[in-house]
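A quick write-up on the structure given underneath.
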There are 2 protein chains.
Amino acid sequence: MSVASRRRENSTVRPLSKQRLRLWIRLLRAARGIEGELRERLRKQFAITLPQFDVMAALARNEAGMNMTELSRLLMVSNGNVTGIIDRLATDKLVLRQAPASDRRSYIVRLTPKGAAQFAIVAKAHEGWIDELLAGFGAAEAEELIQQLSGLAAGHRGGDQRS
Amino acid sequence: MSVASRRRENSTVRPLSKQRLRLWIRLLRAARGIEGELRERLRKQFAITLPQFDVMAALARNEAGMNMTELSRLLMVSNGNVTGIIDRLATDKLVLRQAPASDRRSYIVRLTPKGAAQFAIVAKAHEGWIDELLAGFGAAEAEELIQQLSGLAAGHRGGDQRS
DNA sequence: GGAAAGTACTTTAAACCTAAAATATTTATG
DNA sequence: CATAAATATTTTAGGTTTAAAGTACTTTCC
């Protein structure tokens, strides 16, 4: 069987791998565009960085607090990275470190009341921005896409790089 | 009319804005996961960073070369950022800077023959990785998603921050 | 021609980010 | 108990990233 006729068997003129490559470029550009827009608005309107907002959002959702490893895994950033972000938030009294009695290697990071109050305000604006920036997606489209994205390369990012 | 019955009229129990927020989180996590995976493979198998690969990919596609502003806009990264990436690629003799006669403010960046040859090898592997990481998307799904993502917040990122 | 505005790029400072090595602590195992 | 392995975090070094300021050059407009 010739290459040409084998090609003709499936209906894709463009190879699927090229199509997926295009999709990846678009996905990356979309994420970067939205991230950049959010970053700029957070900075100008609330004088906060995007990574700091991300950490506060994670902590707001987990009122009991989180340790550093949980944070790095959830946010898909490297372990050592979280240290600096928490340092800066702690300097601004937006988060605090609590030592649990059981394990002296780790500690729990929580939002302070000041941090929680400030986050509530920023989060409201943030949700509105996302609503605006993703206005092209209706409820059904959004749900479908969420499902597709969930089963992607389940990120083995974050956490310790050693294994 | 009660709130409950109004709720029942459209089919979304969850407000659309919350749905879009969830979509954004998923989109970001997917992009970060794939990016992290690519970064790691590029580093381990080809000793190159992801941003350097991105720049080389842009240059490989534009054989006539690109100037710094075009690069920063295409890659959606800030203007000053590209300088350092090009510096390192130039140190490794993978790209070269060419001064056009017309405008002495700018210059054209091109792949060197060495850079083009090296990129061809890496790009082949890269396409395979994307094919693997986006295996969940078939041809129709990919095409549909590309269309949806195209009409998003058309990134006004990159380029000069002044206006 | 010459000032003013715009454009292209670099530099700087601060934050971010990763990977790897280091430190401290806890758990598992003989 | 003692040692080894695992876990949680920090530190370090190097690259990335942004925003803003700075330099150099070009265009516009009088």
Side-chain angles (χ1 to χ4, degrees), chain A residues 31-33 35-44 47-55 65-73 75-92 97-109 155-163, chain B residues 32-33 35-44 47-55 66-73 75-92 97-109 155-163:
Chain A
R32 280 194 190 165
E35 248 191 308
E37 189 63 32
L38 292 177
R39 184 190 310 279
E40 187 178 349
R41 294 187 189 187
L42 285 171
R43 182 181 52 83
K44 286 194 176 165
I48 196 177
T49 68
L50 181 56
Q52 286 169 13
F53 175 79
D54 287 342
V55 168
M66 304 175 76
N67 62 32
M68 301 295 270
T69 301
E70 288 168 344
L71 273 172
S72 87
R73 269 203 267 265
L75 302 177
M76 313 259 306
V77 298
S78 74
N79 197 336
N81 185 12
V82 182
T83 300
I85 299 171
I86 294 295
D87 282 350
R88 282 166 221 114
L89 286 173
T91 302
D92 294 343
R97 293 165 153 118
Q98 261 179 342
S102 57
D103 189 336
R104 276 183 301 178
R105 291 171 304 181
S106 80
Y107 52 78
I108 299 297
V109 183
H156 31 76
R157 304 290 312 158
D160 239 348
Q161 282 82 27
R162 295 186 300 282
S163 72
Chain B
R32 279 193 189 167
E35 247 191 309
E37 189 63 32
L38 292 177
R39 183 190 311 279
E40 187 178 349
R41 294 185 188 188
L42 285 171
R43 183 181 53 83
K44 287 192 175 167
I48 197 178
T49 67
L50 181 56
Q52 286 169 12
F53 174 80
D54 287 342
V55 167
M66 304 176 75
N67 63 30
M68 301 296 270
T69 302
E70 287 168 345
L71 274 171
S72 87
R73 269 203 266 266
L75 302 177
M76 314 259 305
V77 300
S78 74
N79 197 337
N81 185 11
V82 183
T83 299
I85 299 171
I86 294 294
D87 281 350
R88 283 167 221 112
L89 286 173
T91 301
D92 294 343
R97 294 167 152 115
Q98 262 180 342
S102 59
D103 189 335
R104 275 184 299 178
R105 291 171 303 179
S106 80
Y107 52 78
I108 299 298
V109 182
H156 32 76
R157 302 291 310 160
D160 240 349
Q161 283 82 27
R162 294 186 301 281
S163 69

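Each chain gets a letter, A, B and so on, in the order its sequence line appears, and its residues count up from 1. Predicted model only: the values in this text are computed from it and were never measured. The figures here come from the full heavy-atom set of this structure, side chains too, leaving out hydrogens, waters and symmetry mates.
Rounded to whole Å, atom P of C:dA14 lies 18 Å from atom CD1 of A:I85. One interatomic measurement links the two molecules: CD1 of B:I86 to P of D:dG15, which rounds to 15 Å at whole-angstrom precision. One can place CG of A:N67 at 20 Å from P of C:dA24, the figure rounded to the nearest angstrom. Taking atom CZ of A:R105 as the reference point, atom C1' of C:dT27 lies 8 Å away to the nearest angstrom. Following rounding to the nearest Å, B:R104 (CZ) and C:dC9 (P) show an atom-to-atom distance of 15 Å. As a whole-Å value, the separation of A:N79 CG from C:dT23 C1' is 14 Å. Computed from coordinates, the A:M76 CE to C:dT18 C1' distance equals 14 Å when rounded to whole Å. As rounded to whole Å, 7 Å separates atom P of D:dT10 from atom CG of A:D87.
Here D:dA8 is the nucleotide among C:dC17, D:dA24, D:dA8 with the atom lying nearest to any side-chain atom of A:S106. When each of C:dC9, D:dT10, C:dT18 is scored by its nearest atom to the side-chain atoms of A:V77, the top-ranked nucleotide is C:dT18. For A:P51, whose side chain is taken as the heavy atoms from C-beta onward, the closest listed nucleotide among C:dC17, D:dT9, C:dT25 is C:dC17. The side chain of B:E40 approaches C:dA19 more closely than any other nucleotide in the set D:dA19, C:dC9, C:dA19. Closest to the A:R39 side chain, of the nucleotides C:dC9, C:dC17, D:dA19, is D:dA19. Listed candidates were C:dT25, D:dT9, D:dT17. Nearest to the side chain of B:S78 is D:dT17. Of the candidates C:dC17, D:dT26, C:dA15, C:dA15 carries the atom nearest the A:T49 side chain, counting heavy atoms from C-beta on.
Comparing A:D103 and A:L50 by the nucleotide of DNA chain C whose heavy atom lies nearest to each, the residue mapping closer to the 5' end is A:L50. Taking the nucleotide of DNA chain D with the nearest heavy atom to each of B:S102 and A:V82, the more 5' of the two is matched to A:V82.
Listed here is the closest heavy atom pair of A:I48 and A:F53: CD1-N, 4.2 Å. Heavy-atom minimum distance, B:S72 versus B:V82: CB-CG2, 3.6 Å.
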Checking side-chain contact (heavy atoms from CB on, under 4.5 Å) for the pair B:V55/B:L89: CA distance, chi angles, key distance, verdict?
CA-CA 9 Å; B:V55 167; B:L89 286 173; 3.8 Å; yes

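In terms of phosphate contacts, B:R43 brings a side-chain nitrogen or oxygen within less than 4.0 Å of OP1 or OP2 of C:dA20. Dashed line: the shortest gap from a side-chain N or O of B:R97 to OP1 or OP2 of C:dT10 is under 4.0 Å. Regarding contacts with the backbone of D:dT18, a side-chain N or O of B:N81 is found under 4.0 angstrom from either OP1 or OP2. Residue B:T69 places at least one side-chain N or O closer than 4.0 Å to OP1 or OP2 of C:dC9. Look at A:Y107 and you won't find any side-chain N or O under 4.0 angstrom from OP1 or OP2 of C:dT25.
Here the side chains of B:L71 and B:I86 are in contact, with some heavy-atom distance below 4.5 Å.
Listed for the B:R104 side chain is no donor-acceptor partner under 3.5 Å among the backbone atoms of B:A99. The closest donor-acceptor contact from the side chain of B:E40 to the backbone of B:E37 lies at 3.5 Å or more, if one exists at all.
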